[in-house]
Amino acid sequence: MNAVVSNDVADAPLDAAIRAELARLAEGLRPAQLYRAAAWLAARAEQPTQVVAHASVEHLTVIYGSQTGNAKRAAEHLVRVAEAAGLRVRLVRADAYPTRELARERFVAVVISTQGDGDPPDDAKGFVEFLTSRRASRLPDLHFSVLALGDSSYPLYCAVGRTIDARLAELGATRFAPLAEADVDVETNASPWRTTAIEGVRPLFRSANVVAIAPVRPVTSPHDRDRPFEAAVLLNQPIVAEGHARDIRHVELSLEGSGIVYEPGDALGVWPRQSTALVAQVLLATSLDGDTSVERDGLTLPLSTWLETHRELTRLSRPFVAALAERSTDEALRRALEPSGNATLREWLETLQPIDLLRRHPVAWTADALVVALRPLVPRLYSIASSHAEVGDEVHLTVSVVDYRTEGEARHGVASAHLATAEEGGTLRVFVERNERFRLPVDPSRDIVMIGPGTGVAPFRAFIQARRAQGGTGRNWLFFGNRHAREDFLYQTEWQAALKDGSLHRLDLAFSRDRGGKVYVQQRLRENAAELHGWLAGGAHLYVCGDAKAMAADVHAALIDAIATHGAKSHDEASAWLDELLREGRYARDVY
Ligand code: NAP
């Protein structure tokens with residue numbers, strides 16, 4: 001039997017008997033319940049099938065670690081191609097992989113992303129820890145290949161994949177294809193890696209074990225990243241007080257007619273469009289004509305269209321700095337790319353946009369070279385702030401316009417600015433990105449604790465809507481924080497109504513810039529540590545959403561302290577207990 005899940009509805013027709021049985025079961029269900037049932041079934045199809053191949057039958061094990069879904073998608077793609085090549089395949093999420101089996105494997109492909117500061121995704125922490133520890137045994141019989149995903153606007157690009165690749169080789173394993181590194185435009189490098197990997201591993205299988213079978217494809221929505229849905233904008237309104245320093249918005253979109261279903265915890269991918277002002281600035285800085293035709297990736301488009309809808313202009317990347325350095329005589333650019341220039345490069349990547357370097361270093365560009373130097377534009381993900389159970393075929397988002405100031409000018413993030421200016425009646429190109437690790441407990445009698453400062457509160461609005469519709473007995477506790485109670489208490493009236501109707505049991509607030517000094521959510525966690533520990537000890541699920549840089553780590557530390565103090569554990573024991581919750585999926589984080 002082959003692993004993987006079907007992705008193509010057309011390849012898996014339902015016969016009349018199954019349809020009749022489903023119709024019988026669906027009889028009398030309200031539309032919201034039908035949505036839940038459809039989403040539940042879809043989620044079953046999405047779960048990686050844990051097929052333990054028969055010991056004597058050779059198979060390729062594909063292990064993935066994924067934070068936002070890109071690595072999972074790349075792993076699934078490899079599986080489809082491997083199956084089409086007649087290989088038996090086993091697809092496993094890293095936290096479900098029994099590491100002791102590694103010593104018995106013959107063929108393994110690892111597809112893994114790197115988070116901001118060189119960390120593995122949450123679902124691969126245990127796997128990476130094991131592999132890099134002394135517990136990992138020698139692997140002389142193993143053939144492997146690694147696809148590392150990363151973001152070249154961070155200095156530690158693809159660090160986790162590189163570490164795994166080097167470590168497996170150090171343990172005596174042999175590469176059947178060299179390490180490949182994929183930037184945010186994943187397919188550019190993932191696609192050739194897949195070909196090389198299959199060409200490398202297939203001849204190593206004993207021919208009796210290569211089977212001629214039609215691949216089974218996973219079920220997906222008719223719309224995905226490459227086939228987005230044009231969703232109508234129903235509402236786009238600020239939800240902070242007038243004159244607030246930040247522009248935070250509640251956006252409602254219609255999914256009517258799309259067939260798209262989502263679950264609380266999922267994210268909505270939005271394909272952005274660059275502002276025409278920024279495109280004009282880039283054309284001016286490069287002295288290029290926007291009408292110049294550029295042919296690339298099978299597309300022939302005017303340069304201005306490439307810049308507006310196909311190229312990244314708001315985030316600087318290392319390859320762009322390198323392309324500019326090649327054209328410029330300025331030593332500063334070259335120095336920033338050397339190991340000793342790491343601090344400068346990091347500062348540039350964090351604070352500058354391509355336009356800033358184009359202006360600082362005017363060099364001769366051709367339209368073609370500029371399109372090659374800039375990274376492809378990729379969709380941005382927003383945690384969904386609604387549940388079908390309450391909003392039917394709508395989807396709601398909480399959007400904070402990313403703004404910063406560089407070179408004396410106000411700058412915006414591409415997608416949030418695009419969303420902020422989206423007019424009601426207009427459309428946005430969207431798709432759903434599943435997040436299987438950020439799910440409500442299946443058992444509605446379980447308590448949940450949600451920690452979501454700022455726009456990190458978005459998925460918890462979805463959670464409360466869904467739990468209200470579920471009508472279970474589990475209690476819901478929300479920790480929320482923002483700057484000022486009177487100005488940016490997001491969804492204040494909804495939380496108050498939820499407290500009243502019993503769908504929210506506790507709400508603890510931390511406003512950081514009101515009089516009385518800084519208060520963050522973690523202070524509230526510490527103040528309520530005894531009760532919090534009681535909830536966790538009683539089986540509560542714990543969720544954190546929002547900023548990954550500082551908040552997630554500070555909240556994690558406060559949780560360890562609460563567990564150590566009230567669970568009679570040492571700091572290390574409390575930390576290990578929390579790590580175990582993370583591995584079990586009872587502590588889930590959606591942070592970036
Ligand atoms: P924000 O302004 O960054 O922060 C919200 C509140 O958190 C403010 O009161 C802020 O206080 C406080 N805060 C600052 N440092 C903190 C720390 N170390 N621990 C706890 N609280 C701290 O909020 P935002 O701009 O709405 O968004 C939050 C972040 O979450 C963004 O980085 C966004 O990208 C991310 N986000 C991620 C997801 C996701 O992963 N799915 C979803 C939504 C948002 P001060 O500013 O007064 O210091």
Side-chain angles (χ1 to χ4, degrees), residues 66-70 113 115-117 119 121-122 151 153 238-240 244-251 262 264-270 314-315 350 379-386 396-404 412-417 419-420 432-439 450-463 478-491 508-527 543-559 561 588-592:
S66 187
Q67 195 76 28
T68 63
N70 283 333
S113 62
Q115 303 311 301
D117 271 329
D119 298 322
D122 278 346
D151 180 339
S153 62
I239 47 171
V240 288
H244 193 278
R246 314 281 301 276
D247 183 3
I248 302 179
R249 288 167 173 267
H250 176 70
V251 176
Y262 60 85
D266 286 341
L268 193 76
V270 178
T314 57
R315 297 191 67 184
E350 279 175 6
R380 304 299 201 260
L381 299 179
Y382 292 89
S383 307
I384 291 176
S386 56
H396 298 181
L397 304 178
T398 317
V399 179
S400 168
V401 179
V402 178
D403 55 5
Y404 35 94
H412 300 301
V414 58
S416 56
L419 273 164
V432 166
E433 186 76 27
R434 303 215 166 271
N435 187 354
E436 299 301 341
R437 281 185 60 84
F438 207 76
R439 287 281 183 259
M450 301 163 281
I451 303 162
T455 51
V457 82
F460 303 136
R461 183 174 182 265
F463 276 20
L478 174 65
F479 289 86
F480 172 72
N482 228 342
R483 295 180 183 182
H484 303 286
R486 294 174 67 116
E487 294 178 13
D488 53 20
F489 185 172
L490 309 180
Y491 302 114
D508 281 273
L509 302 165
F511 290 99
S512 56
R513 301 193 194 184
D514 279 344
R515 255 182 295 164
K518 283 256 179 210
V519 185
Y520 287 159
V521 281
Q522 55 271 28
Q523 183 172 328
R524 298 295 180 229
L525 294 175
R526 291 178 196 282
E527 289 163 3
Y543 304 89
V544 180
C545 181
D547 165 57
K549 279 203 192 95
M551 185 275 294
D554 293 348
V555 162
H556 190 83
L559 290 169
D561 289 346
R589 295 191 288 190
D590 188 5
V591 296
Y592 53 77

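Just follow the structure's listing: the first ligand is 1, and inside any ligand the first atom is 1.
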Protein contact of atom 7 (O) of ligand 1 - nearest heavy atom, named by residue and atom, plus distance
Pro453 CB, 3.9 Å
For atom 42 (C) of ligand 1, closest protein heavy-atom neighbour:
Ser383 OG, 3.4 Å
List every atom of ligand 1 that sits less than 4.0 Å from any heavy atom of Gly456, numbering the atoms from 1 in the order shown and giving each element.
43 (C), 44 (C)
Just going by heavy-atom distances, which of Tyr520, Phe479, Phe511 is nearest to atom 13 (N) of ligand 1?
Tyr520
Quick one: side chain to side chain contact (heavy atoms under 4.5 Å, CB included) partners of Asp547, sequence neighbours excluded?
Lys549, Ala550, Met551
What protein heavy atom sits nearest atom 2 (O) of ligand 1, and how far off is it?
Arg246 NH1, 2.8 Å
Within the 4.0 Å heavy-atom shell around Gln522, which atoms of ligand 1 are there?
17 (C), 19 (N), 20 (C)
Leu478 side chain reached by Asp508 side chain, heavy atoms, under 4.5 Å:
no
Please state which protein non-hydrogen atom is closest to atom 5 (C) of ligand 1 and give its distance, to 0.1 Å?
Asn482 OD1, 3.5 Å
Looking at Ser512, is its backbone amide N or carbonyl O close enough to the side chain of Arg483 to form a donor-acceptor pair, meaning the two atoms are under 3.5 Å apart?
no
Contact between Lys518 and ligand 1, counting heavy atoms under 4.0 Å?
yes
Using a heavy-atom cut-off of under 4.0 Å, does the side chain or the backbone of Tyr592 touch ligand 1, or both, or neither?
both
Where is the nearest protein heavy atom to atom 35 (C) of ligand 1: which residue, which atom, and how far?
Gly546 C, 3.6 Å
Smallest heavy-atom separation, Gly269 atom then Leu381 atom, equals CA-CD2, 3.6 Å
Side chain, backbone, both or neither: Asp547 near ligand 1, heavy atoms under 4.0 Å
both
If you compare all heavy atoms of Ala458 against all heavy atoms of Thr398, which two are closest, and at what distance to 0.1 Å?
CB-OG1, 3.4 Å
Could you check whether any side-chain heavy atom of Ser66 comes within less than 4.5 Å of a side-chain heavy atom of Pro121, counting everything from C-beta outward?
no
Could you tell me whether a side-chain N or O of Arg589 sits under 3.5 Å from a main-chain N or O of Cys545, the two making a donor and an acceptor?
no
Any atoms of ligand 1 less than 4.0 Å from a non-hydrogen atom of Val591? List them with their elements.
40 (O)
Compute the centroid of each ring, for Phe480 and then for Tyr491, and state whether the two points are separated by less than 6.0 Å.
no
Could you tell me whether a side-chain N or O of His484 sits under 3.5 Å from a main-chain N or O of Arg513, the two making a donor and an acceptor?
yes
What part of Arg513, side chain, backbone, both or neither, has a heavy atom within less than 4.0 angstrom of ligand 1?
side chain
Which bit of Ala548 gets closer than 4.0 Å to ligand 1, counting heavy atoms only: side chain, backbone, both or neither?
neither
Nearest protein heavy atom to atom 27 (O) of ligand 1: under 4.0 Å?
yes
Suppose we call two aromatic rings close when their centres sit under 6.0 Å apart. Are Phe463 and Tyr543 close by that rule?
yes
At a non-hydrogen distance cut-off of under 4.0 Å, which region of Ala550 contacts ligand 1 (side chain, backbone, both, or neither)?
both
Protein heavy atom at shortest distance from atom 44 (C) of ligand 1:
Thr455 OG1, 3.1 Å
What heavy-atom pair brings Ala385 and Arg461 nearest, and what distance separates the two atoms?
O-NH1, 2.8 Å
Could you tell me the residue and atom name of the protein heavy atom closest to atom 11 (O) of ligand 1, and the distance to it rounded to 0.1 Å?
Ser512 OG, 3.0 Å
Looking only at side chains, do Tyr382 and Thr455 share a donor and an acceptor under 3.5 Å apart?
no
Subset of ligand 1 atoms that lie under 4.0 Å from at least one heavy atom of Gly454
5 (C), 23 (O), 26 (O)
Which atoms of ligand 1 are found less than 4.0 Å from any heavy atom of Cys545?
38 (C), 39 (C), 41 (N), 42 (C)
Could you verify whether a donor N or O on one side chain and an acceptor N or O on the other, from Arg246 and Ser400, lie under 3.5 Å apart?
yes
Mind checking whether Ala458 has a heavy atom under 4.0 Å from ligand 1?
no
What's the shortest distance from atom 18 (N) of ligand 1 to any protein heavy atom, and which residue and atom give it?
Asp554 OD2, 2.9 Å
